[in-house]
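Whatever order the structure lists them in is the order used to number ligands and atoms, beginning at 1. Side-chain atoms are counted along with the backbone in the values below, which use heavy atoms only and exclude waters and symmetry mates.
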Amino acid sequence: METENTTSEVSELESTFSVEKQKRIFKIIVIGDSNVGKTCLTFRFCGGKFPDKTEATIGVDFRERTLEIDTETIKLQLWDTAGQERFRKSMVQHYYRNVHAVVFVYDMTKLASFENMPAWIDECDRHSLSADVPRILVGNKCDEKDKIQVSTNLAQKFADMHCMPLFETSAKDDSEADNVEAIFMTLAHKLKAHKQMMNKALPRYNSTDMKRAKVISIGREKSASSSDCAC
Ligand SMILES: Nc1nc2c(ncn2[C@@H]2O[C@H](COP(=O)(O)OP(=O)(O)OP(=O)(O)O)[C@@H](O)[C@H]2O)c(=O)[nH]1
Ligand SMILES: [Mg+2]
């Protein structure tokens, strides 16, 4: 028998459910050598500016941005991973779990960071992501025009060999901000167009389950609600 307050809680649960139901969350991991600019790129896209100072990422940093694409609200959850081996070793399987897209980043002014790309791709392959998880290759720091060590031609050949689109950009140069935006927006459109509902935020109940869920959750009222963290 539902009393007055349970009805309002039920409708609250319903509204939360219905809001969450529309917002798909996509996990995008950003991978590459230390110092290539992964933190700055994610900061530029999510925060709209170049961070004054960054430190080496330890483990992983999360940055999110909610987007409106063709009337659907989706959330991109960027996992800014550590490039330094000592700061990432116990985290790697968390990086790749339930990932929806992978962004590989190298520093255009550091040939070694590009030459390490096969190792990063191997790491990704070892986590047997399904073939339909999009991967893109990003050359960062194109603003350092007189220090470029990786030519577009060389990078394009590598990208073609691995069936990835190549983007060359700069997290630092404000005039490149639209390009950084375009990189992640291209990915967002691709993920959104993806047929399967990949949302991890909430399981999909049908209406009868919902009713049962309502009664059960009200009955247990104090039970801690499980977080819908996608990790
Ligand atoms: N010139 C230039 N410098 C950049 C750019 N992006 C990042 N940097 C600089 O490169 C250095 C490293 O940037 P981060 O974003 O911290 O590098 P990271 O890949 O996150 O490094 P880890 O966290 O150690 O993996 C910092 O000094 C940044 O200011 C860029 O587009 N152009
Ligand atoms: Mg970092």
#### Entry: The single option from Q156, H162, K157 passing side-chain hydrogen bond (donor to acceptor under 3.5 Å, both in side chains) against D160
Q156

### Task
Could you grab the distance from atom CZ of F104 to atom CG of L137, nearest 0.5 Å is fine?
8.5 Å

### Task
Apply side-chain hydrogen bond (donor to acceptor under 3.5 Å, both in side chains) to the pair S175 and D173, showing each step before the final yes or no.
CA-CA 5 Å; S175 68; D173 187 343; 2.8 Å; yes

### Message
Are F87 and W120 connected into the same hydrophobic cluster when the rule is that any two of I, L, V, M, F, W, Y join if their side-chain heavy atoms are below 4.5 Å apart?
### Response
no

### Task
Kindly indicate whether atom 24 (O) of ligand 1 is approached by any protein heavy atom to under 4.0 angstrom.
yes

### Note: R65-E181 ion pair, threshold 4.0 Å (strictly below)
yes

### Summary
Residue, atom and distance of the protein heavy atom nearest atom 10 (O) of ligand 1 read K141 NZ, 3.1 Å

#### Entry: Subset of ligand 1 atoms that lie under 4.0 Å from at least one heavy atom of C40
6 (N), 7 (C), 13 (O), 15 (O), 28 (C)

### Query
Is a side-chain donor-acceptor pair under 3.5 Å present for S113 with D33?
no

### Task
Considering the heavy atoms of E144, write down every atom of ligand 1 situated less than 4.0 Å from one of them.
1 (N)

#### Entry: Geometric N/O contact G32 with ligand 1, under 3.5 angstrom
no

### Nitrogen or oxygen atoms of K172 and ligand 1 under 3.5 Å apart
yes

### Query
Does D33 come within less than 4.0 angstrom of ligand 1, counting non-hydrogen atoms of the residue?
yes

### Task
Looking only at distances, please establish whether an N/O atom of ligand 1 is found under 3.5 Å from an N/O atom of T57.
yes

### Summary
Value for OG1 (T42) from CZ (R63), rounded to nearest 0.5 Å, stands at 4.0 Å

### Task
Nearest 0.5 Å please: distance from the CD1 atom of I69 over to the NE2 atom of H189.
4.0 Å

#### Entry: Contact atoms of ligand 1, heavy-atom distance to A56 under 4.0 Å
23 (O), 24 (O)

### Query
Under a 4.0 Å N-O cut-off, is there an ion pair linking K141 with E168?
no

### Task
Check each heavy atom of F50 against ligand 1 and say whether those closer than 4.0 Å belong to the side chain, the backbone, both or neither.
side chain

### Task
Everything protein-side that's N, O or S and under 2.8 Å from the Mg ion (ligand 2): list it, residue and atom.
T39 OG1, T57 OG1

### Element-labelled atoms of ligand 1 that are located less than 4.0 Å from some non-hydrogen atom of A171
6 (N), 30 (C), 31 (O)

#### Entry: Nearest-contact summary for atom 17 (O) of ligand 1 - protein heavy atom, Å
G37 N, 3.2 Å

### Query
Do any nitrogen or oxygen atoms of D80 lie less than 3.5 angstrom from nitrogen or oxygen atoms of ligand 1?
no

### Query
Hey, which of D174, N179, T169 is the one that makes side-chain hydrogen bond (donor to acceptor under 3.5 Å, both in side chains) with R44?
D174

### Query
Is K38 reaching over with its side chain to a backbone N or O of V105, donor-acceptor style, under 3.5 angstrom?
no

### Task
Look at atom 12 (C) of ligand 1 and say which protein heavy atom is nearest, naming residue and atom and giving the distance to 0.1 Å.
N35 OD1, 3.1 Å

### Task
State the atoms of ligand 1, each with its element, that fall below the 4.0 Å cut-off from a heavy-atom position in D143.
1 (N), 2 (C), 30 (C), 31 (O), 32 (N)

### Task
Please report which non-hydrogen protein atom sits nearest to atom 26 (C) of ligand 1, along with the residue it belongs to and the distance in Å to one decimal place.
T54 OG1, 3.7 Å

### Task
Any chance you could lay out the side-chain hydrogen bond (donor to acceptor under 3.5 Å, both in side chains) test for E123 and Y96, step after step, and finish with the verdict?
CA-CA 10 Å; E123 176 188 87; Y96 289 95; 2.5 Å; yes

### Task
Identify, for atom 6 (N) of ligand 1, the protein heavy atom at the shortest distance, and state residue, atom and that distance.
N140 ND2, 3.1 Å

### Query
According to the interplanar angle, ranging from 0 to 90°, do the rings of W79 and F62 count as parallel (below 30°), tilted (30 to 60°) or perpendicular (above 60°)?
perpendicular

### Query
Counting only N and O atoms by type, is there a donor-acceptor contact under 3.5 Å from the side chain of R24 to the main-chain atoms of K192?
yes

